[in-house]
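Here the structure is laid out as structure tokens; the discussion comes afterwards.
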Amino acid sequence: MGGIEGEESPVEAAKREVVEETGYDDFGGLVELPEVCYDNFYAAHKDVNRHITIHTVCGKLLSLQREERSAEEDEIAEVMWIPAEELAEKLTQKAHQYIWEQVRTK
């Protein structure tokens, strides 16, 4: 998950963030869902409270082609596959649960 930079559209930001955070760069059919959500959370790694606007972008991974991730991204999180039927139980924030339900039913 990441933010929109400068004049990026949500789809452009999603493309950049997927590559930065996972390395996967062969995806297509990216579409922004019409629903926009808002949430508040504490970002422990930056020691700040955040109020965010959430744009959901859906697409499809076309292959397992990947770029190398930065050392910083490797330290932050491991990239892993989670079966769709198991994802809901791993989401702890209400906004994430709501978004997953919207995506899952599309």
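Just so you know, these numbers use all the heavy atoms, side chains as well, and skip hydrogens, waters and symmetry mates.
- Note that CG of Leu87 is 10.5 Å distant from NE2 of His96, once rounded to the nearest 0.5 Å.
- Between Gln93 atom CD and Ile99 atom CD1 the span is 9.5 Å, to the nearest 0.5 Å.
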Carefully, step by step, assess Val19 and Phe27 under the rule side chain to side chain contact (heavy atoms under 4.5 Å, CB included).
CA-CA 10 Å; Val19 174; Phe27 42 84; 4.0 Å; yes

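- Classification of Arg16 and Glu20 as a salt-bridged pair holds, one side-chain N sitting under 4.0 Å from a carboxylate O.
- Remark: Glu101 engages Arg104 in a salt bridge, criterion side-chain N to carboxylate O under 4.0 Å.
- Val57 has its side chain out of reach of Leu33: every pair of non-hydrogen atoms, C-beta onward, lies at least 4.5 Å apart.
- Checking side-chain atoms of Glu12 against main-chain N and O of Ser9 turns up a donor-acceptor pair under 3.5 Å.
- For Ala13 against Gly3, the heavy-atom pair with the smallest separation is CB-O, 4.0 Å.
- Glu72 contributes atom CD, which lies 5.5 Å from atom OG of Ser70 (distance to the nearest 0.5 angstrom).
- Between Val79 and Arg69 there is a side-chain heavy-atom pair separated by less than 4.5 Å.
- The line from NZ of Lys60 to CG of Asp26 is 13.0 Å long, rounded to the nearest 0.5 Å.
- Side-chain N or O atoms of Arg50 include none that pairs as donor or acceptor with a backbone N or O of Ala43 at under 3.5 Å.
- Applying the ring pair (Phe, Tyr, Trp, His ring centres under 6.0 Å) definition to pairs two or more places apart or across chains, those involving residues 32-84 are Tyr24-Trp81.
- Residues Leu30 and Gly59 come closest through the heavy atom pair CD2-CA, 3.5 Å.
- No more than 12 heavy-atom neighbours from other residues, nucleotides or ligands sit within 6.0 angstrom of CD on Glu68.
- In this structure the side chain of Thr56 never reaches within 4.5 angstrom of the side chain of Glu35, judged on heavy atoms.
- For the residue pair Leu64 and Leu61, the shortest heavy atom distance occurs at CD2-CD2, 4.1 Å.
- Under a 3.5 Å cut-off, the side chain of Arg66 and the backbone N or O of Asp25 do not form any donor-acceptor pair.
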Between Val36 and Thr53, is a side chain to side chain contact (heavy atoms under 4.5 Å, CB included) present by the stated rule, with each step listed?
CA-CA 7 Å; Val36 176; Thr53 302; 3.5 Å; yes

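- Using a 4.5 Å cut-off on side-chain heavy atoms (C-beta onward), Ile82 and Met80 make contact.
- Of the possible polar contacts, one joining the Gln97 side chain to the Leu91 backbone as a donor-acceptor pair under 3.5 Å is found.
- Expressed to the nearest 0.5 Å, how far CD of Gln102 lies from SG of Cys58 amounts to 10.0 Å.
- At least one side-chain heavy atom of Ile54 sits less than 4.5 Å from a side-chain heavy atom of Asp39.
- Between Ala84 and Trp100, the shortest heavy-atom contact is O-CZ2, 3.7 Å.
- Side-chain atoms of Glu8 come within 3.5 Å of backbone N or O of Glu5 as a donor-acceptor pair.
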